[in-house]
Amino acid sequence: MLVLSGAKSLLARHILPVLRDDYKVVAFDDDKGAIDDADFIREILEESNPSIFVNCSEFSLMDDCEFYREKAYAINGFAPGVLADICAERDILLIHFSTPAVFSGDKDYSYSESDTPQPYTVFGDSKLLGEKKIEQSGCRHLIIRVPDVYGGKDSFVHAFLRDMKNGKSIEVIQNHRKNPTYADDVAHVLQMLLDKNVEGLVHMANPGDCTIYEFYKKAHDLYEKTGMKHVDFNVQEIPFDEFITPVDYPINSLLEPARLKHEFSFTPDTWDRALERFMTQHAEELSA
Ligand SMILES: NC(=O)c1ccc[n+]([C@@H]2O[C@H](COP(=O)([O-])OP(=O)(O)OC[C@H]3O[C@@H](n4cnc5c(N)ncnc54)[C@H](OP(=O)(O)O)[C@@H]3O)[C@@H](O)[C@H]2O)c1
């Protein structure tokens, strides 16, 4: 038996079908009960007696975290800690997802599991608190850090193509380096890690290095290549210091899947190959 929270999250919608192949699953979202409600969590674990808890709940809006600090720390920091304490009492394996925002972004290349976190944002700091609380609880745990994830029928790739089809232009931060990652690939890596009883901290990303501009350019070119109708490419890069946001986004949020490569001899598809696979699999919705 496996319990999953944040059932409506983008990631959960991709990992649930994969997990359901191997486990009986009870999945809930905050309309049923909150991750920061310890009584509710105890109750659901008492009822279902799982061996695994997968936490996909998160207060994920980076800008909002700056204004609603208390909520950010409650959901992303303290709630995973309480959850971990309960998992330790009941010997439940806790799977938790985290983010490259725990790093400063100052490094010149990808962050691996051995790099020291130093978040600059409330979002990153609250997520790092969650990681630390889980590690300190002594529960069996697997923390998977993933970068920007896309997938499903409402991804940021769909939103981008919709904007291009509607003749809109969009602005992106110049030189903002990322490795956007296909949610299906995260799901299959989770399945592999569970099969191998892996615990600790693991980075998962479709490797390689692209700016947001390059990612959208590739999505645009693939859209045209797969025989869909022509749309103009209206994307402008804006220098970082001209972008007005409440948060200084880390300019480098690249993750190196070092443990996957070195311990498990597994290298995920590069970001461009994964994007091509995603666009082929979702061609019908993308062309609509
Ligand atoms: N998507 C990405 O690009 C990305 C990148 C890096 C890491 N991750 C990690 O992957 C995990 C899932 O992220 P996601 O982007 O897929 O999430 P998401 O789509 O933003 O969804 C978050 C989910 O958490 C639920 N939630 C919020 N507050 C809650 C509470 N108090 N109790 C219970 N549930 C609550 C939300 O429900 P409501 O919608 O009803 O509020 C929503 O279903 C997170 O741990 C995140 O750090 C994701």
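The analysis underlying the following values was restricted to heavy atoms, covering all of them including side chains, and did not include hydrogens, waters or symmetry mates. Start at 1 and go down the list; that is how both ligands and their atoms are numbered. Worth saying up front: this structure is predicted, and the values here are computed from it rather than measured.
For the atom pair Leu286 CG and Gln281 CD, the distance stands at 11.0 Å (nearest 0.5 Å).
Of the charged side-chain nitrogens involved, at least one lies within less than 4.0 Å of a carboxylate oxygen, so that Arg277 and Asp185 count as a salt-bridged pair. Checked for salt-bridge contact, Arg145 and Glu113 miss the test: no charged N lies under 4.0 Å from a carboxylate O.
Side-chain atoms of Asn252 come within 3.5 Å of backbone atoms of Lys107 as a donor-acceptor pair (strictly under, hydrogens ignored). Side-chain N or O atoms of Arg90 include none that pairs as donor or acceptor with a backbone N or O of Asn49 at under 3.5 Å.
More than 12 heavy atoms of other shown residues, nucleotides or ligands fall within 6.0 angstrom of atom NZ in Lys261.
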Table of N or O contacts for ligand 1, cutoff 3.5 Å:
residue  : atom   : partner : partner atom : Å
ligand 1 : 3 (O)  : Val149  : N            : 2.8
ligand 1 : 16 (O) : Leu10   : N            : 3.2
ligand 1 : 16 (O) : Leu11   : N            : 2.8
ligand 1 : 19 (O) : Leu10   : N            : 3.1
ligand 1 : 20 (O) : Ser60   : OG           : 2.7
ligand 1 : 24 (O) : Glu58   : N            : 3.1
ligand 1 : 31 (N) : Asp36   : OD1          : 3.1
ligand 1 : 32 (N) : Ile35   : N            : 2.8
ligand 1 : 34 (N) : Ser57   : OG           : 3.3
ligand 1 : 37 (O) : Asp29   : OD1          : 2.9
ligand 1 : 37 (O) : Asp30   : OD1          : 3.4
ligand 1 : 40 (O) : Asp30   : OD1          : 2.6
ligand 1 : 40 (O) : Asp30   : OD2          : 3.3
ligand 1 : 41 (O) : Asp30   : OD2          : 3.1
ligand 1 : 43 (O) : Asp29   : OD1          : 3.2
ligand 1 : 43 (O) : Asp29   : OD2          : 2.8
ligand 1 : 45 (O) : Phe97   : O            : 3.0
ligand 1 : 45 (O) : Lys127  : NZ           : 3.1
ligand 1 : 47 (O) : Glu58   : OE2          : 2.2
ligand 1 : 47 (O) : Lys127  : NZ           : 3.0

